[in-house]
Structure formats: structure tokens, C-alpha cells
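Lettering of chains follows the sequences in order, A, B, ..., and the numbering in each one begins at 1.
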Amino acid sequence: MSALLEVSQLKKYFPIRKGIFGKQVGAVKAVDGVSFNIKKGETLGIVGESGCGKSTTGRAILRLIEPTEGEILFNGTNVSRLKPEELRRFRTHMQIVFQDPFASLDPKWTIQKILEEPIRTHMKLPEAEVKDKVANLLEVVGLSSYHAQRYPHEFSGGQRQRIGVARALALNPEFIVCDEPVSALDVSIQSQVLNLMRDLQDQFSLTYMLISHDLSVVRFISTQVGVMYLGRMVELASTKELFREPLHPYTKALMSAVPVPDPDATKNQIVLSGDVPNPSSPPPGCTFHTRCSMANEICSCEAPEWKEVSPEHFLACHLY
Amino acid sequence: MLSIAENSSSIKNSASKPNSFFGLLFKNRLAMIGLFFILFWTFVALFAPIIAPYSPTATNTAIKLEAPSAAHWMGTDNFGRDIFSRVIFGARISLWTGIIGVGISCCLGIPLGGIAGYYGGKLGNVIMRVMDTLLAFPSLILAMAIAASIGPGLISAMIAVGIVGIPEFARLMFGQTVSLREKEFVEAGRAIGVKDSVILRKHIFPNALAPLLVRATLGLGFAILTAASLSFLGLGVKPPTAEWGAMISEGREYIISGQWWIISFPGLAIVTSILGFNLLGDGLRDVLDPRIRTGK
């Protein structure tokens, strides 16, 4: 299968301005040269600490945040070059599910209106058909059509997230960015929403990009996993391979931090010292070398190349 | 999955709409006093020809400067006009100036603030700096300058009052828009491909409505006062039209000679109408404050 989405050298720098004339004195490199492909029907999971640029990457692909540099090819269309009106129409192909189901639904609107909005924005349909579509969407995500007349505050977190998913599905997109879709939910509700997402993927042959800081969530639903650190992708491999044999020291540290539900299990946790460096002045060379236990001299002066160490396993580390 | 849907029907069935709003407002005693004054003056303005015993402009020098009596409840002025009738007809002009003035402020200030807040950048900066410039003038001085340059009259007083109020609404809407712009439901609208103008009108404006409503209510009182001040200074309505500010202006020389009623009754009318709008505005602010509203 060919790649549905090809992202290459995606960058997003947020300028830091100072003084009354707003002179630019630096930049926060939120995303700094990220490249990956996602094949049709697959799911790419992106993991990393808070502030590593996961969400910015997702939003830059949808151009909810304008990328500073880089190419985004979606099914042959260069998304990064679309003009505003072209982009507006193109949005039927790519959608997003937000992290916070309490903030992503307009509190003044009924569910009916919220779900009608995408349909009315892009299609001219008779009233009855719009109503049918909304009822259908609600059923698809496990709610009932009588919920349509209610307001968002009348629903629980899990139900709201279902509504968020329904809204994303309303335009029949091929690709959905899921920005921490379950991290605001209870663990018991998380699995329901994740199962729903997986069912919908099969049903509508969707392609996902799942952003999360929870490795178990990513493992459950992803076919590929990318690990990000300080705006850069450090490792990218199939889920099986990454969890079987993580190569990058940062990935190893992340894996070892996952709690094991066994009190007698031997703990050989890799504890990283220090904090994530300031993204406005990242350390030279490999950005991870300040916290890496295996760092050599070369790591502090030369940035590691992004290379394919084995088929479909990409890595940026001097050790391999 | 069906079971989840069913369970939800029991959740918060009672709070289907923010219906606690009026309940809380009615419990606010000061707001109710304010509402009473507003309704009272609205009623007076609507039925002025029926209530007023005399014509507001009919002069009769035989009965000039008469003290309040059974025939003339509030006395007569230096032309022998019935002050009671003039105060009643004055309510029409004052309420109209307030409504039109605040209307002008809202119609221009809210879109300007919304556009400046939503797009930001140079455009937003230019708009907001112009607003700051307007705010830098004392409001009455600015209103006088505007009214004087258009030429005195009721319409120019309304326009002046309206323009003076624009920056207040623009600033309020600007602040609301800047904070709402970052909300995920606005981002969701953009992700869907909703046009900016629709996002501004249908997502941002309704969510910014509460503070704007409070501001508009308070603004009505201010507009009435400014219009009365302009008339007092001779920049508002022309004589012989009955207007509270103009009546005080005309009657001010008779205070010393003891004819207190000429200015006292229109003054009382100004005080009660402005007090009404301010009390209701304060009450609305309290009721719409989410920290006080526990019902939601």
C-alpha cells in the first residue's frame, strides 16, 4: 500500500519577540525537521513528554498552525501550498479529535447544531437528509438520536469525546489526527473510546495519527510508533519492533518507565536525570545528549542523522 | 454500547437549559429595584400622551413660575409650561438617545473588537490603537467636540453618545475574542473549514454575550447622562423640546430666586433612570458571573 500522508522536514518555530517594536530575539523550535509517512488504513502513534512538539506536529499537518517549513503531501496534494479557500475545502479530507472533550464543543450549541455544522459548511443538503445524517452519526459512535437536542454540559466526558469523534466523521474524512483523545478520560472510559476508534477505523477504512503520552494507548491502537524528543523524531518503527527492541536510549527510558502490574517484578528502570532542555536554546549536537547515559563526545557536537537502521526502522542516534 | 447511551438519559436531566438565570436575577433585590425604575420609565415614555395632563410645549405666561400645586403637580417654568408633562415627554427623548447611542456603540464596537481580536497582527493593532486614542479623551469633552462639529441637535447628540461608547465595547469584545480564539471549539470550527466570519458570529459572539450585555445595560445609563449633559450645554435638543438636561439648563438661573422645582424634577428623573440601568447592570453582572452561578 502506498503512503496516504507524507511529511518531510516539517518545522514550526514560534518567534520570541521582545521590546516595543517586537524585534525577534529567538525562536522556540517546537517542531524541528520531522519526517514520516503513514500508509492508508494504518495508525501512526506519536509519543513523547509534554512540550516535545507532538500536538504542534499534528496541528501543523492540518495547518491549524501554519508550519514554518516542510512539505505535507496528502494523497498527492501538497497541503502546505494550498491557498486559504482551497485549504478550507480540502478540510473534508483531514479531521481532528481534540484532547479536552470539555473545551472542544461549543457550550452554547446543541449536539444537533454541532454535528450539523460540518455538513452544512461543505454540502447543500435538504433539511431531512441533514437530520438523518446527524442521527446516523450519533448511532455510529454509540449514542442515540434523542441526544441531539441536548447541550454539551449534559454529557459525561466519554460521551462528549464520542460526539467529538462523530463531528470528525461527519465529513467522511480519510485521515484523522487524534490529539490525546483519551488522556482526559477515566481509564475505564478510555478503553471504550479506543475500541470505538478501532471499530470505526475498520468500518470506514480510516487512517489515524494518534498523539499520546501513554505508551499503552499507543501500543493498543498503532501500527507504527514514532518517538519525539524536543521537537525531533528520535525513533520510528512498527509497533511490534519498537516494543520488542527499542534502540534509542530515550525510547528505552520511556519503555522502562511503564509501570509493570507485578509487585515482584525486578525493576531495572532507567531514570533520566535533569529536565527537558529549553526548546528556545536546545543543546548542540544530539538534543538528548545532556540526559543520555550512553552519550559520547560526538553526541554533543554533531546532530545524528535520521537513518533507516533496519527495514522500516528509523533512528537518529550515533550509537547505531 | 447501547447501555452507555441509555445511562446518559438520567444524567442531569433537570439542568437542560441555564434556567437558573432568571431565578437568580429575581432574587437580587437591587437588580429588581433597577428593573422597576427601567420599566417605570419605559411605561411613562410609551404612554406619555395619555399620562401627561398638558402639552409639554404649551406656554402660558399667566401661570409662569408657579410652585407645585394640585393643577400643576411639579409646578410650571418661566414660560408657564407644565413641568410634570415636560418630564414625562422628556422620558421619550432620553430613552431613545440611550438606546440609539448604545446601539451605535454596539454595532460598531463589537465587530471592530471581534475582528481585532480574531485576526490580531497589524490590523488588530491599528484598530485597538485608534480605540485607545478615543479612550484617551474625557468622554464628555469628546462627545461635545463631535456634537459641535456635526451641529447641535438630537440626532447629533445620539451620534456623539454612540461614538464615545465605541471603544468600551471594542475593548471588551477584543478581550473576549482573544481568549475565546484559543478555545478548542473555535479550533474545531477552523478544522471543519467554517469561514472566519461565521466563527466570529456564531461561536465567538454568543460566548462573549454575557459581559457585553452587562456593559450595554450600564452603557444605557451613561448614554442618557451624556445626552442630558450635551443638552444642558446647548449641544443637544433645541428648545422648546422637552428634554431633562435642557430643562435643567433652562431652569438653573431660578435656583437662586427659589424656584427649586424647575430643575429638581428633571434631575430626579435623570437620577432614577440612570440608577435603574446601573443597578440592573450590576445585578446582571453578578448573576452572569460563573463563580456566583452554582447552578451550572
Checklist entry - For chain B, which of A:Thr92, A:Asp100, A:Ile114 has the most heavy-atom pairs under 4.5 Å? => result A:Asp100
Checklist entry - Is it true that a side-chain atom of A:Arg88 and a backbone atom of B:Gly193 form a donor plus acceptor pair closer than 3.5 Å? => result yes
Item to check | Lys/Arg-Asp/Glu bridge criterion (N-O < 4.0 Å) met for A:Glu66, B:Arg190 | outcome: no
Checklist entry - Where is the tightest heavy-atom contact between A:Lys108 and B:Asn207, given as atom of each residue plus distance? => result CG-OD1, 3.3 Å
Next on the checklist: Can you confirm whether B:Phe137 is buried at CZ, in the sense that more than 12 heavy atoms of other residues, nucleotides or ligands lie under 6.0 Å from that atom?
Outcome noted: no
Checklist entry - Is B:Arg129 atom CZ crowded by more than 12 heavy atoms from other residues, nucleotides or ligands, each under 6.0 Å away? => result yes
Checklist entry - Got a second to check how far A:Glu117's CD is from B:Ile199's CD1, nearest 0.5 Å? => result 7.5 Å
Item to check | B:Glu187 and A:Arg59 ion-paired at < 4.0 Å | outcome: yes
Checklist entry - Is it the side chain or the backbone of A:Ser104 that comes within 4.5 Å of chain B heavy atoms, both, or neither? => result both
Next on the checklist: Can you tell me which portion of A:Leu64 sits under 4.5 Å from chain B's heavy atoms? Options are side chain, backbone, both or neither.
Outcome noted: both
Item to check | Contacting moiety of A:Arg167, where chain B heavy atoms sit under 4.5 Å | outcome: side chain
Next on the checklist: Determine whether A:Trp109 and B:His203 satisfy the following criterion, side-chain contact (heavy atoms from CB on, under 4.5 Å), listing intermediate values before the conclusion.
Outcome noted: CA-CA 9 Å; A:Trp109 284 31; B:His203 286 293; 3.6 Å; yes
